[in-house]
Protein chains: 2
Amino acid sequence: MPPGQTLATGSVGTVETRYVDLPEAVRLDCGRQLRPVRVAYETYGTLSPARDNVILVCHALSGDAHAAGFAKAPSGSTRDGFGAEDRDGSAGKGLGWWDGMIGPGKAFDTDRFFVVSTNLLGGCRGTTGPSSVDPATGRAYGSDFPVVTVADMVRTQRAFLDVLGIERLAAVAGGSLGGMQALEWAILYPDKVGAVVAIASTHALHPQGLAWNSIARDAIMRDPAWQGGHYHGTGTAPGAGMGVARMVGHVTYLSAPALAERFGRRLQSADDVRYTITEPEFQVESYLRHQADSFVRRFDANTYLYTSRALTYFDLARQHGEGSLGRALEGVSARTLLIAFSSDWLYPPAASREIEEALRALGKPVECHVIEAPYGHDCFLLEEARQTPIIRRFLAEETPS
Amino acid sequence: MPPGQTLATGSVGTVETRYVDLPEAVRLDCGRQLRPVRVAYETYGTLSPARDNVILVCHALSGDAHAAGFAKAPSGSTRDGFGAEDRDGSAGKGLGWWDGMIGPGKAFDTDRFFVVSTNLLGGCRGTTGPSSVDPATGRAYGSDFPVVTVADMVRTQRAFLDVLGIERLAAVAGGSLGGMQALEWAILYPDKVGAVVAIASTHALHPQGLAWNSIARDAIMRDPAWQGGHYHGTGTAPGAGMGVARMVGHVTYLSAPALAERFGRRLQSADDVRYTITEPEFQVESYLRHQADSFVRRFDANTYLYTSRALTYFDLARQHGEGSLGRALEGVSARTLLIAFSSDWLYPPAASREIEEALRALGKPVECHVIEAPYGHDCFLLEEARQTPIIRRFLAEETPS
């Protein structure tokens with residue numbers, strides 16, 4: 001594991017997730033309107049009087065609004081940031097999922113910036129999603145929840161920031177699906193974004209990534225406990241299927257060499273194989289089951305489905321450029337920082353390079369860094385120390401008052 | 001798709017699967033003995049009077065004894081070789097899974113060799129496996145079937161060949177799990193094997209491969225219809241879980257560029273996305289579901305579990321070398337041909353190179369060819385034309401009377 005940021009220095013301290021109810025309905029790409037919409041959020045640092053030092057941080061598939069600091073009331077397993085519990089197991093309970101990146105003196109420096117983090121639309125950690133109550137029925141939406149897109153998530157963030165009185169972002173940043181949101185921001189609201197930081201992300205997931213997401217969703221929907229998406233309130237949930245989905249996802253987040261280094265072919269038993277089909281024989285088998293179990297305890301299966309669908313739909317060229325990435329990016333005015341990791345095969349560096357080239361061809365300010373690191377897609381959560389100087393230098397050009 | 005062998009020339013014609021009941025129990029690595037054991041097999045070509053022209057062909061996870069020619073009675077979906085139906089969809093119904101490699105003038109030339117193919121121990125296509133009747137109960141073994149290893153499969157083949165009066169193999173050949181069996185043969189019966197042809201195989205699956213297999217097995221066992229492994233005769237089967245297992249496997253058999261070339265991000269609908277969670281939106285999603293459905297119709301879930309477990313256990317260094325691959329191979333006397341494919345990330349060329357180096361260090365005759373080809377692990381079924389000259393030249397040195 002790479003050296004992590006220490007917790008004692010640079011922590012934003014204890015934080016509490018708050019909630020805002022949007023005053024108006026959110027218009028969705030699918031044609032429906034969603035109302036009411038509540039947004040869960042946290043903030044770190046101090047808003048400048050000119051309100052010009054705001055960085056919006058966007059989370060990935062399984063994250064939430066709790067990006068930094070310690071949760072005020074860590075409610076058992078549901079309050080673990082996945083950087084803490086799911087990934088390297090080294091951090092304390094209740095620590096935000098990007099705590100190594102957000103805080104005084106860190107990449108997103110709360111001595112200078114007012115960092116805002118929201119739970120995305122369709123989420124299960126406070127923002128309106130499939131497990132929220134449908135006002136039309138008085139029961140959870142379940143699979144009646146409208147299919148949402150990354151653009152819908154961004155429109156919701158925009159409406160939320162209006163409530164906070166924040167008109168413009170100094171920067172919008174995120175990794176993976178979070179990076180997609182950041183890129184979408186630069187296109188939907190070109191005059192409202194000073195800078196984009198898109199890490200381990202892409203303009204459109206490649207076909208193998210579509211396949212993995214499809215398998216994960218099918219694993220959930222094939223679980224009889226999914227009940228057509230209406231399991232909320234039935235006392236059961238498709239944990240078996242979602243566990244499989246999570247295991248598939250988890251392996252795609254890591255690299256083959258990282259698995260080899262960490263687990264090799266080491267057996268659970270000190271002696272030899274035990275000739276069992278049902279029990280884990282190899283340590284990597286036991287590890288995957290543990291990952292699945294802990295994820296199932298803290299995450300909603302429908303949110304997994306909707307979020308996975310949104311990230312597979314995401315395709316800047318299709319959505320905004322009639323098939324041309326360059327055309328999609330024509331209106332961007334933000335400076336763009338792209339970071340990718342050499343061993344990330346789910347969001348490979350080639351995708352970041354394509355964005356870089358398209359922006360450069362348009363004469364837009366862009367830089368792209370490919371960090372040599374062995375941990376696969378998870379590098380965006382693990383390689384904080386190496387991303388920090390790149391991001392700090394890039395953001396230094398944004399000059400909040 | 002690469003150019004396939006034509007069907008009109010070089011076919012072994014119509015063949016029929018036959019069965020042999022072994023006269024004695026098979027002693028298994030787990031300590032149990034299995035009896036009765038039936039073996040399903042096919043043969044192609046003519047046994048020489050000296051019985052010295054035999055090539056045993058070993059199949060992979062989802063294959064069967066029907067390796068070449070047309071099945072006499074193709075029983076719908078259950079008689080499709082996976083080279084035909086599951087992989088490229090181009091071949092006719094009932095064609096053997098390695099038909100492009102076995103026949104007159106082909107890689108395994110039936111004008112010279114007597115090719116024998118068996119369904120492996122634990123299988124579901126005629127050889128005794130979990131769906132066979134347990135004589136102790138009169139019902140299907142289900143998960144009471146003993147856990148078998150690749151060595152157990154090879155011992156079963158050995159006992160089967162004894163029944164046929166075949167003492168020695170000119171060669172033993174296979175891809176993937178079939179290659180594991182071939183390598184195991186060279187160690188267990190060094191004086192009974194003239195040559196080994198191990199294609200897209202390994203001496204021990206790497207940890208990411210362990211992970212994929214673990215996820216596939218968990219997908220089956222988490223399906224409530226698995227019923228602890230005793231679904232035979234209940235009228236239901238864990239098809240939902242096995243479908244997920246197959247989809248995971250299928251993506252690991254292909255390469256990311258192959259998926260990109262074949263499907264890209266093309267949508268099912270000509271127009272745009274349809275905003276659906278449950279229906280396939282991308283062509284690759286629809287393809288995976290089709291693969292899953294057709295596999296579920298023809299394959300037994302418990303056989304999948306047992307065979308997957310066997311191939312994860314397979315580890316020549318652990319089994320035979322106290323951790324040393326070189327030591328494990330010390331007794332090998334067969335000439336060895338290794339073929340790997342550049343884009344195969346499940347059984348990568350590095351593993352074949354390790355075997356090559358270990359054999360070379362021991363002064364054993366070995367050659368290793370890495371074929372540049374884009375289709376991933378499936379190349380061993382698809383790149384028949386490019387393997388053929390390598391194998392023919394290698395086997396020319398075996399001189400049956």
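Below, chain A is the first sequence line, B the second, and so on; all start at residue 1. Since this is a predicted model, take the numbers as computed values, not measurements. Only heavy atoms go into these numbers, but all of them, side chains included; no hydrogens, no water, no symmetry mates.
For B:Tyr313, the parts lying under 4.5 angstrom from a heavy atom of chain A are both the backbone and the side chain. Looking at A:Ile277, the atoms closer than 4.5 Å to chain B (heavy atoms on both sides) sit in the backbone and in the side chain alike. Only the backbone of B:Arg274 comes within less than 4.5 Å of a heavy atom of chain A; no side-chain atom from C-beta onward does. Within the 4.5 angstrom heavy-atom criterion, no atom of A:Leu28 approaches chain B. The parts of B:Arg265 that come within reach of chain A are both its backbone and its side chain, each placing non-hydrogen atoms under 4.5 angstrom from that chain. With a 4.5 angstrom heavy-atom cutoff, B:Ala292 touches chain A only via side-chain atoms. With a 4.5 angstrom heavy-atom cutoff, A:Ala216 does not touch chain B via any of its atoms. Only the side chain of A:Thr149 comes within less than 4.5 Å of a heavy atom of chain B; its backbone N, CA, C and O stay farther away. Heavy-atom distances place both the backbone and the side chain of A:Thr312 under 4.5 Å from chain B. Only the side chain of B:Leu288 has a heavy atom closer than 4.5 Å to any heavy atom of chain A. For A:Val248, the parts lying near chain B are the backbone and the side chain together; criterion is any non-hydrogen pair under 4.5 Å. Within the 4.5 angstrom heavy-atom criterion, only side-chain atoms of B:Met221, from C-beta onward, approach chain A.
The ring of B:His250 has its center no closer than 6.0 angstrom to the ring center of B:Phe295. Centroid-to-centroid, the aromatic rings of B:His203 and B:Phe314 stay 6.0 Å apart or farther.
A:Thr303 is listed as a side-chain neighbour of A:Phe299, based on a closest heavy-atom distance under 4.5 Å.
In summary, B:Arg155 and B:Glu184 do not engage in a salt bridge, as defined by a charged side-chain N under 4.0 Å from a carboxylate O. Between B:Arg318 and A:Glu281 there is no salt bridge, since no side-chain N of the basic residue sits under 4.0 Å from a carboxylate O of the acidic one.
Between chain B and the options A:Ala260, A:Pro348, A:Ala258, heavy-atom pairs under 4.5 Å are most frequent for A:Ala260. Ranked by heavy-atom pairs under 4.5 Å with chain B, the first of A:Gly209, A:Ser214, A:Pro280 is A:Ser214. The greatest number of non-hydrogen atom pairs below 4.5 Å with chain A, out of B:Arg217, B:Met247, B:Glu285, B:Arg266, is found for B:Glu285. Across A:Asn213, A:Val251, A:Val148, the residue that shares the most heavy-atom pairs under 4.5 angstrom with chain B is A:Val251. Ranked by heavy-atom pairs under 4.5 Å with chain A, the first of B:Asp272, B:Leu254, B:Leu210 is B:Leu210. No other option in A:Leu267, A:Val244, A:Leu305 has as many heavy-atom pairs under 4.5 Å with chain B as A:Val244. Note: A:Asp315 leads A:Val284, A:Asp223, A:Asp315 in heavy-atom pairs under 4.5 Å with chain B.
Looking at B:Asp152, its side chain does come within 3.5 Å of a backbone N or O of B:Asp29 through a donor-acceptor pair.
Within a 6.0 Å sphere centred on CZ of B:Arg353, heavy atoms belonging to other residues, nucleotides or ligands number more than 12. No more than 12 heavy atoms of other residues, nucleotides or ligands shown are found within 6.0 angstrom of CZ on B:Arg327.
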Next on the checklist: Checking B:Met242 against B:Tyr304 for the side chain to side chain contact (heavy atoms under 4.5 Å, CB included) test, could you report, in this order, the C-alpha distance in whole Å, the side-chain angles of both residues, the deciding distance, and whether it holds?
Outcome noted: CA-CA 8 Å; B:Met242 193 167 71; B:Tyr304 196 104; 4.2 Å; yes
Item to check | Working for side chain to side chain contact (heavy atoms under 4.5 Å, CB included), residues A:Tyr141 and A:His230 | outcome: CA-CA 8 Å; A:Tyr141 282 101; A:His230 295 289; over 6 Å; no
Checklist entry - Could you go step by step and tell me if A:Arg246 and A:Ser62 meet the side chain to side chain contact (heavy atoms under 4.5 Å, CB included) rule? => result CA-CA 10 Å; A:Arg246 180 59 168 181; A:Ser62 59; 3.6 Å; yes
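Side-chain atoms of B:Asn302 and B:His232 include a donor-acceptor pair closer than 3.5 Å.
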